[in-house]
Amino acid sequence: MVSVEFNDNLIFDIYPNPFSGEATFHTSAALRNARLMIYNSQQLVKQIDSISDQTFTFNRENLSSGLYWIKLVQENKVIAIRKLVITD
(Lines give C-alpha, C1' and ligand atoms only; values in the text may rest on other atoms or scores of the structure.)
Protein backbone atom coordinates (compact mmCIF):
# COMPACT_ATOMS: atom_id res chain seq x y z
CA MET A 1 0.00 0.00 0.00
CA VAL A 2 1.31 3.45 -0.96
CA SER A 3 0.22 6.75 0.52
CA VAL A 4 -0.51 9.54 -1.98
CA GLU A 5 -0.63 13.20 -1.00
CA PHE A 6 -2.67 15.60 -3.13
CA ASN A 7 -2.22 19.34 -3.13
CA ASP A 8 -5.77 20.51 -2.42
CA ASN A 9 -4.88 24.12 -3.20
CA LEU A 10 -3.64 23.41 -6.74
CA ILE A 11 -6.07 23.98 -9.59
CA PHE A 12 -5.24 21.83 -12.64
CA ASP A 13 -7.31 22.38 -15.79
CA ILE A 14 -7.20 20.73 -19.21
CA TYR A 15 -8.94 22.40 -22.14
CA PRO A 16 -10.48 21.47 -24.35
CA ASN A 17 -11.29 18.05 -22.95
CA PRO A 18 -12.22 16.01 -24.95
CA PHE A 19 -9.83 17.09 -27.73
CA SER A 20 -8.58 15.78 -31.05
CA GLY A 21 -5.26 17.53 -31.81
CA GLU A 22 -3.81 19.29 -28.81
CA ALA A 23 -4.88 20.42 -25.37
CA THR A 24 -3.63 23.13 -23.02
CA PHE A 25 -2.85 22.27 -19.43
CA HIS A 26 -2.97 25.06 -16.85
CA THR A 27 -2.10 25.05 -13.16
CA SER A 28 -2.79 27.73 -10.58
CA ALA A 29 0.84 27.62 -9.41
CA ALA A 30 4.03 27.48 -11.46
CA LEU A 31 5.40 23.97 -11.78
CA ARG A 32 9.09 23.23 -11.24
CA ASN A 33 10.60 20.28 -13.05
CA ALA A 34 7.30 18.37 -12.96
CA ARG A 35 6.49 15.17 -14.86
CA LEU A 36 3.27 14.33 -16.68
CA MET A 37 2.44 10.65 -17.12
CA ILE A 38 -0.33 9.48 -19.46
CA TYR A 39 -1.93 6.08 -18.94
CA ASN A 40 -4.49 4.10 -20.88
CA SER A 41 -6.43 1.36 -19.10
CA GLN A 42 -3.43 -0.98 -19.15
CA GLN A 43 -0.13 0.91 -18.97
CA LEU A 44 1.90 4.09 -19.16
CA VAL A 45 1.78 5.24 -22.79
CA LYS A 46 3.65 8.54 -22.67
CA GLN A 47 5.71 10.59 -20.23
CA ILE A 48 6.71 14.24 -20.47
CA ASP A 49 9.56 15.34 -18.20
CA SER A 50 10.88 18.73 -17.09
CA ILE A 51 7.62 20.67 -17.16
CA SER A 52 7.93 24.13 -15.69
CA ASP A 53 5.60 27.15 -15.67
CA GLN A 54 1.81 27.38 -15.28
CA THR A 55 0.71 26.54 -18.83
CA PHE A 56 1.90 23.93 -21.32
CA THR A 57 0.51 22.37 -24.49
CA PHE A 58 0.09 18.65 -25.03
CA ASN A 59 0.08 17.31 -28.60
CA ARG A 60 -1.76 14.05 -29.20
CA GLU A 61 0.92 12.76 -31.61
CA ASN A 62 0.42 8.99 -32.06
CA LEU A 63 -2.10 8.35 -29.26
CA SER A 64 -5.32 6.74 -30.46
CA SER A 65 -8.81 7.95 -29.55
CA GLY A 66 -10.00 6.90 -26.13
CA LEU A 67 -9.94 7.52 -22.40
CA TYR A 68 -6.64 8.24 -20.67
CA TRP A 69 -5.57 9.15 -17.15
CA ILE A 70 -3.12 11.97 -16.51
CA LYS A 71 -0.87 11.96 -13.46
CA LEU A 72 1.06 15.14 -12.64
CA VAL A 73 4.07 14.58 -10.37
CA GLN A 74 6.40 17.13 -8.80
CA GLU A 75 9.19 16.40 -6.32
CA ASN A 76 8.16 12.72 -6.32
CA LYS A 77 4.65 13.60 -5.11
CA VAL A 78 1.46 13.13 -7.11
CA ILE A 79 -0.14 16.57 -7.22
CA ALA A 80 -3.04 15.85 -9.60
CA ILE A 81 -4.82 13.04 -11.41
CA ARG A 82 -7.31 13.82 -14.18
CA LYS A 83 -9.24 12.06 -16.91
CA LEU A 84 -8.40 12.95 -20.52
CA VAL A 85 -10.49 12.03 -23.58
CA ILE A 86 -9.01 12.01 -27.08
CA THR A 87 -11.40 11.97 -30.04
CA ASP A 88 -11.02 11.80 -33.81
Report yes or no: does Asp53 contribute a side-chain atom to a donor-acceptor pair with the main-chain N or O of Thr55 at less than 3.5 Å? no

So does Met37 get a backbone contact from the side chain of Gln47, meaning a donor-acceptor N/O pair under 3.5 Å? no

Who pairs with [X] by side-chain contact (heavy atoms from CB on, under 4.5 Å), at least two apart in sequence or on another chain?
| X | answer |
| --- | --- |
| Asn33 | Ser50 |
| Lys83 | Leu67, Trp69 |
| Asn17 | Ile14, Leu84, Val85 |

Checking Asp88 now: which residues fulfil salt bridge (Lys or Arg N to Asp or Glu O under 4.0 Å) with it, not counting sequence neighbours? Arg60

From [X] atom [atom1] to [Y] atom [atom2], the distance as rounded to the nearest 0.5 Å:
| X | Y | atom1 | atom2 | answer |
| --- | --- | --- | --- | --- |
| Gln54 | Asp13 | CD | CG | 11.5 Å |
| Phe19 | Thr24 | CZ | OG1 | 9.5 Å |
| Leu72 | Ile70 | CG | CD1 | 9.0 Å |
| Leu63 | Tyr68 | CG | OH | 4.5 Å |

Salt bridge (charged side-chain N to carboxylate O under 4.0 Å, His left out): pairs with one or both residues in residues 14-35, sequence neighbours excluded: Arg32-Glu75

Within residues 32-57 or reaching into it, pairs that qualify as ring pair (Phe, Tyr, Trp, His ring centres under 6.0 Å) - sequence neighbours excluded: Phe25-Phe56

Correct closest heavy-atom pair for Pro16 and Ala23 would be O-CB, 3.8 Å

If you compare all heavy atoms of Ala29 against all heavy atoms of Leu10, which two are closest, and at what distance to 0.1 Å? N-CD1, 4.0 Å

